[in-house]
Amino acid sequence: MSEKCVFCEIAHGRIPSIRVYEDADFIAFMDINPISEGHLLLVTRGHYPKTTDVPDAILDKALTLAKKLAAATLLSVGREDFNLVVNNGPLAGQLVKHWHMHIIPRRSKDELPLKQGAPADLTRLPFVAERVRENLR
Ligand code: AMP
Ligand code: ZN
């Protein structure tokens with residue numbers, strides 16, 4: 001799609017990447033700035049900015065594929081725990097506006113910036129939950 005989209009360029013073979021997997025819908029390659037050894041990106045072949053833009057038929061396959069890639073990655077780097085992360089939009093830290101899932105092996109006491117939030121405001125939580133339930137209908 002966009003000339004300026006680095007993942008479209010990679011998906012179409014116009015710029016190099018260190019690939020570990022590809023099929024009609026996805027490619028997976030090593031992140032060039034890894035948070036940990038084995039950090040992979042699972043990327044849709046088509047240009048979809050956010051999870052909400054990806055067609056269901058493609059998205060349905062993503063988690064199964066991430067599971068398979070994560071298992072192979074963990075074996076390869078001798079780790080057991082990992083994060084699957086999808087950043088959606090700039091406020092969520094998405095730098096490349098083309099759907100991708102990070103597969104990030106973790107190790108004991110590493111200092112990756114994935115922290116728990118502050119305790120919930122229990123007076124507000126039920127109202128937010130109710131709004132979500134309404135919007136699911
Ligand atoms: P995000 O903040 O979720 O958009 O993450 C984008 C990720 O893409 C970052 O972890 C970058 O290191 C990675 N990245 C950007 N360009 C490349 C590239 N050419 N090859 C591999 N990884 C890349
Ligand atoms: Zn793209």
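Keep in mind it's a predicted model, so treat the numbers as computed, not measured. Order of appearance sets the numbers: ligands from 1, and atoms from 1 within every ligand.
- At a 3.5 angstrom cut-off on N or O pairs, Leu95 counts as close to ligand 1.
- In terms of N/O distances under 3.5 Å, ligand 1 is not approached by Phe7.
- Considering Ile32, Asp31, Val6, Val96 only, the shortest heavy-atom separation from atom 20 (N) of ligand 1 involves Ile32.
- Classification of the His39-His102 ring pair by plane angle, with boundaries at 30° and 60°, yields tilted.
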TODO: Evaluate the criterion side chain to side chain contact (heavy atoms under 4.5 Å, CB included) for residue pair Asp31 and Leu40; output intermediate values, then yes/no.
DONE: CA-CA 5 Å; Asp31 195 295; Leu40 289 184; over 6 Å; no
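- Nearest N/O/S atom of His98 with respect to the Zn ion (ligand 2) is recorded as ND1.
- For ligand 1, the atoms sitting less than 4.0 Å from at least one non-hydrogen atom of Leu41 are 8 (O), 13 (C), 22 (N), numbered in the order shown with element in parentheses.
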- [ ] Any chance you could lay out the side chain to side chain contact (heavy atoms under 4.5 Å, CB included) test for Ile58 and Arg45, step after step, and finish with the verdict?
- [x] CA-CA 10 Å; Ile58 294 175; Arg45 201 173 277 282; over 6 Å; no
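- Ion pairing between Arg79 and Glu37 fails under the 4.0 Å rule for side-chain N and carboxylate O.
- Counting atoms of ligand 1 from 1 in the listed order, those under 4.0 Å from a heavy atom of Asn87 are 1 (P), 2 (O), 3 (O).
- The ligand atoms of ligand 1 that sit less than 4.0 angstrom from a heavy atom of Gly93 are 1 (P), 2 (O).
- Residue His102 places a heavy atom under 4.0 Å from ligand 1.
- In this structure, Thr44 and Phe26 have side chains that are in contact, with non-hydrogen atoms separated by less than 4.5 Å.
- The side chain of Ile10, and not its backbone, has at least one atom closer than 4.0 Å to an atom of ligand 1 (non-hydrogen atoms only; side chain from C-beta on).
- When atom types are taken as modelled, the side chain of His100 and the backbone of His98 share a donor-acceptor pair closer than 3.5 angstrom.
- The SG atom of Cys8 and the ND1 atom of His47 meet at the Zn ion (ligand 2) at an angle of about 110°, given to 10°.
- No heavy atom of Ile35 sits closer than 4.0 Å to any atom of ligand 1.
- When only interatomic distances are considered, the shortest N/O to N/O separation between Asn33 and ligand 1 falls below 3.5 Å.
- For the pair Ser17 and ligand 1, no heavy-atom separation below 4.0 Å is found.
- The ligand atoms of ligand 1 that sit less than 4.0 angstrom from a heavy atom of Met30 are 21 (C).
- Within 6.0 Å of atom CD in Glu80, 12 or fewer heavy atoms from other residues, nucleotides or ligands are found, so the atom counts as exposed in its surroundings.
- Checked by atom type and distance alone, the side chain of Asp60 never pairs as donor or acceptor with a backbone atom of Ala57 at under 3.5 Å.
- No donor-acceptor distance shorter than 3.5 angstrom exists from the side chain of Asp81 to the backbone of Arg106, with no hydrogens or angles considered.
- Here His100 has side-chain heavy atoms under 4.0 Å from ligand 1, and that is the only part of it that gets that close.
- Checked by atom type and distance alone, the side chain of Gln94 pairs as donor or acceptor with a backbone atom of Pro49 at under 3.5 Å.
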